[in-house]
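To keep things clear, I will list the structure first and then write my remarks on it.
Positions are given from 1, in the same order as the sequence printed here.
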Amino acid sequence: FAMVGTPYLTPVQGGDYYVYPDGRILMSGAHYLNDSIRGFIGIYNLIWFSNTGDLDTTQQHRQCDATIDLIRPLPNGKFLLSGVQDYYEGQAVGRILRVEADGALDTTFNTAITWGEAFDIQRLDDGKLLASGYFKYAGSSDTLHLIRLMPNGDPDPTFTPVNGCTWEGFGRFVPIGSFFRLADGRILICGGFDHVNGEPRGGIAAVDSSGNLLEDLFGSPGCGPWTDTFLNLTFNGTAGIVEAPNGSFYIYGSYHGYEDGTTNDPTQRMVSRLYGLDVGVEERMGRGAINIYPNPVSDRLYISFRSAETPTGTFTMLDASGREVRCFAPSGRSEEIDLNVHDQPPGLYLLRYEDGSGARWCEKVVKE
């Protein structure tokens with residue numbers, strides 16, 4: 001495979017790519033082709049390669065007036081594209097467009113997005129599209145950062161677009177770089193912002209399935225600022241979020257410190273693990289519902305419930321790697337745990353409790 005050494009091709013600007021099951025590659029961006037035999041001479045923005053890295057001579061390579069930076073395949077073989085283009089194959093298009101499997105423009109899909117571009121697009125089960133980035137519609141001055149589109153490209157009237165993502169230290173709007181959809185319909189948004197809709201949010205926020213900002217998850221200040229002393233620039237944000245097999249989540253980006261209203265840890269940097277996304281939601285138990293002491297602890301940890309009712313839930317203790325080290329049900333409103341029984345080494349642990357109704361509580365425990 002030798003795409004770089006492919007005859008007739010001089011890369012100019014990279015974009016995105018899609019790998020077919022048979023190893024062929026579709027690449028976007030801007031690339032100079034000099035294939036005089038087949039008549040492809042000039043800058044092309046959507047090009048195909050064979051599975052050996054040669055320019056695919058069976059395809060009609062495509063052009064636009066700028067660059068295509070994002071490719072998202074669809075189940076029916078078509079592709080969603082986004083970039084800073086205004087024309088595709090000579091036809092006026094929005095900043096998000098849809099093409100057929102061979103790259104021909106799908107004229108049944110149209111958006112009136114005349115400025116900006118998408119950094120991520122996901123197709124929903126009902127055929128609608130969720131897109132993050134920065135957008136302006138024709139005739140509007142609002143900068144939108146998370147939008148939902150109907151299957152034909154029209155704005156979804158049942159969704160309130162997320163706007164007002166700003167980085168006040170930089171004095172301008174910033175895009176939503178990526179998003180993560182939870183099974184219950186909530187959407188987590190990531191980016192270099194410190195405010196969303198005028199509300200303080202440090203690089204990560206959550207909206208409901210209709211686009212409304214949630215106040216009970218990832219509240220102020222979120223991820224703290226990080227200063228690059230070499231560039232003399234301050235960053236404050238996350239680049240993305242991924243789910244781990246054990247149900248925890250990892251956020252990553254450029255930040256120092258993390259606080260979500262229930263957890264305040266100034267040592268967090270660049271990558272953090274969140275133990276579930278129940279933190280701050282309505283079903284969460286208050287911080288004072290369960291008391292633990294002493295903390296740090298050397299051997300015996302004492303647990304007491306504030307409520308007069310007999311607890312019916314389960315405690316789970318996880319080590320720093322997210323591995324479950326013990327699980328037990330409390331026998332009453334007070335409990336004593338001998339941390340030396342299972343030869344638990346010194347370190348940081350998470351003690352988590354979930355009752356029968358689904359309400360949860362968690363606290364960090366330091367064993368000396």
Closest contact, heavy atoms only, [X] versus [Y]:
{"X": "Leu188", "Y": "Ala206", "answer": "CD2-CB, 3.7 Å"}
{"X": "Val207", "Y": "Leu213", "answer": "CG1-CA, 3.9 Å"}
{"X": "Thr314", "Y": "Cys327", "answer": "CG2-SG, 3.3 Å"}
{"X": "Tyr255", "Y": "Gly237", "answer": "CD2-O, 3.7 Å"}
{"X": "Val196", "Y": "Ala205", "answer": "CG2-CB, 4.3 Å"}
{"X": "Met27", "Y": "Ile71", "answer": "C-CD1, 4.2 Å"}

Any non-hydrogen side-chain atom of [X] less than 4.5 Å from a side-chain atom of [Y]?
{"X": "Phe179", "Y": "Cys190", "answer": "no"}
{"X": "His31", "Y": "Thr10", "answer": "no"}
{"X": "Leu129", "Y": "Arg148", "answer": "no"}
{"X": "Ile187", "Y": "Leu146", "answer": "yes"}
{"X": "Phe315", "Y": "Phe328", "answer": "yes"}
{"X": "Leu9", "Y": "Leu33", "answer": "yes"}
{"X": "Met317", "Y": "Leu350", "answer": "no"}
{"X": "Leu80", "Y": "Arg123", "answer": "no"}

Does a side-chain N-to-carboxylate-O contact under 4.0 Å join [X] and [Y]?
{"X": "Asp194", "Y": "Arg201", "value": "no"}
{"X": "Glu117", "Y": "Arg95", "value": "no"}
{"X": "Asp208", "Y": "Arg186", "value": "no"}

Find the distance between [atom1] ([X]) and [atom2] ([Y]) and round it off to the nearest 0.5 Å.
{"X": "Ile121", "Y": "Leu81", "atom1": "CD1", "atom2": "CG", "answer": "8.0 Å"}
{"X": "Thr111", "Y": "Met150", "atom1": "OG1", "atom2": "CE", "answer": "14.5 Å"}
{"X": "Ile37", "Y": "Asp35", "atom1": "CD1", "atom2": "CG", "answer": "6.0 Å"}

Common cluster, [X]/[Y], ILVMFWY with side-chain heavy-atom separation under 4.5 Å:
{"X": "Phe135", "Y": "Val162", "result": "no"}
{"X": "Ile47", "Y": "Val19", "result": "yes"}
{"X": "Ile189", "Y": "Phe119", "result": "no"}
{"X": "Phe40", "Y": "Leu55", "result": "yes"}
{"X": "Leu182", "Y": "Ile251", "result": "yes"}

Distance-only side-chain donor-acceptor flag, [X] / [Y], under 3.5 Å:
{"X": "Asp54", "Y": "Thr52", "result": "yes"}
{"X": "Tyr8", "Y": "Ser36", "result": "no"}
{"X": "Gln122", "Y": "Arg181", "result": "yes"}

Under the 3.5 angstrom rule, does the side chain of [X] hit a backbone N or O of [Y] as a donor-acceptor pair?
{"X": "Ser178", "Y": "Ala239", "result": "yes"}
{"X": "Thr238", "Y": "Gly253", "result": "no"}
{"X": "Ser28", "Y": "Ile68", "result": "yes"}
{"X": "Asp106", "Y": "Thr108", "result": "yes"}
{"X": "Asn197", "Y": "Glu199", "result": "no"}
{"X": "Lys367", "Y": "Gln344", "result": "yes"}
{"X": "Ser82", "Y": "Ile96", "result": "no"}
{"X": "Asn51", "Y": "Asp22", "result": "yes"}
{"X": "Asn45", "Y": "Ala66", "result": "yes"}

**OP:** Apply ring-ring contact (aromatic ring centres under 6.0 Å, His included) to Phe249 and Phe180, showing your working.
**Re:** CA-CA 11 Å; Phe249 293 81; Phe180 185 95; 5.6 Å; yes

Does [X] [atom1] have over 12 foreign heavy atoms under 6.0 Å away?
{"X": "Tyr87", "atom1": "OH", "result": "no"}
{"X": "Arg326", "atom1": "CZ", "result": "yes"}
{"X": "Tyr17", "atom1": "OH", "result": "no"}

For side-chain contact (heavy atoms from CB on, under 4.5 Å), just list the numbers for Val93 and Gln85, CA-CA rounded to whole Å, side-chain angles, deciding distance to a tenth of an Å, and then say yes or no.
CA-CA 8 Å; Val93 293; Gln85 77 293 320; 4.0 Å; yes

Given Arg62, Gln60, Gln63, the one that forms side chain to side chain donor-acceptor pair (under 3.5 Å) with Glu89: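 For Glu89, the side chain to side chain donor-acceptor pair (under 3.5 Å) check succeeds only for Arg62.
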
Checking Trp115 against Tyr134 for the ring-ring contact (aromatic ring centres under 6.0 Å, His included) test, could you report, in this order, the C-alpha distance in whole Å, the side-chain angles of both residues, the deciding distance, and whether it holds?
CA-CA 8 Å; Trp115 181 85; Tyr134 61 108; 5.0 Å; yes

### Message
Please verify the inter-ring angle class for Tyr353 with Phe305; under 30° counts as parallel, over 60° as perpendicular, anything in between as tilted.
### Response
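Rings of Tyr353 and Phe305: perpendicular, over 60°.
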
_Asn212 vs Ser210, test: side-chain hydrogen bond (donor to acceptor under 3.5 Å, both in side chains). Steps then yes/no._
CA-CA 6 Å; Asn212 302 300; Ser210 297; 4.6 Å; no

Mind checking side-chain contact (heavy atoms from CB on, under 4.5 Å) for Thr107 and listing every partner two or more places apart, or none if nothing turns up?
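With neighbours one apart ignored, the set is Gln91, Leu105.
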
(request) Take Ile25 and Trp48 through the test side-chain contact (heavy atoms from CB on, under 4.5 Å) and record every step on the way to the result. (result) CA-CA 6 Å; Ile25 294 175; Trp48 281 261; over 6 Å; no

Open item on the list: Less than 6.0 angstrom from the centroid, inside 45 degrees of the normal: does Arg24 satisfy that with respect to the ring of Tyr20?
Closed with: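 Here Arg24 passes the 6.0 Å and 45° test against Tyr20.
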
- Task: Return the set of residues passing side-chain hydrogen bond (donor to acceptor under 3.5 Å, both in side chains) with Arg72 (not counting sequence neighbours), or none when no residue passes.
- Result: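 In terms of side-chain hydrogen bond (donor to acceptor under 3.5 Å, both in side chains), with neighbours along the sequence ignored, Arg72 is linked to Asp16, Asp120.
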
(message) Checking Phe79 now: which residues fulfil ring pair (Phe, Tyr, Trp, His ring centres under 6.0 Å) with it, not counting sequence neighbours?
(response)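 With sequence neighbours excluded, Phe79 shows a ring pair (Phe, Tyr, Trp, His ring centres under 6.0 Å) to Tyr18, given in chain and number order.
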
What do the steps show when you test Ile292 against Val365 for side-chain contact (heavy atoms from CB on, under 4.5 Å), and what is the final call? CA-CA 9 Å; Ile292 60 172; Val365 177; 3.8 Å; yes

Evaluate the criterion side-chain contact (heavy atoms from CB on, under 4.5 Å) for residue pair Asp156 and Leu149; output intermediate values, then yes/no.
-> CA-CA 5 Å; Asp156 183 353; Leu149 304 175; over 6 Å; no

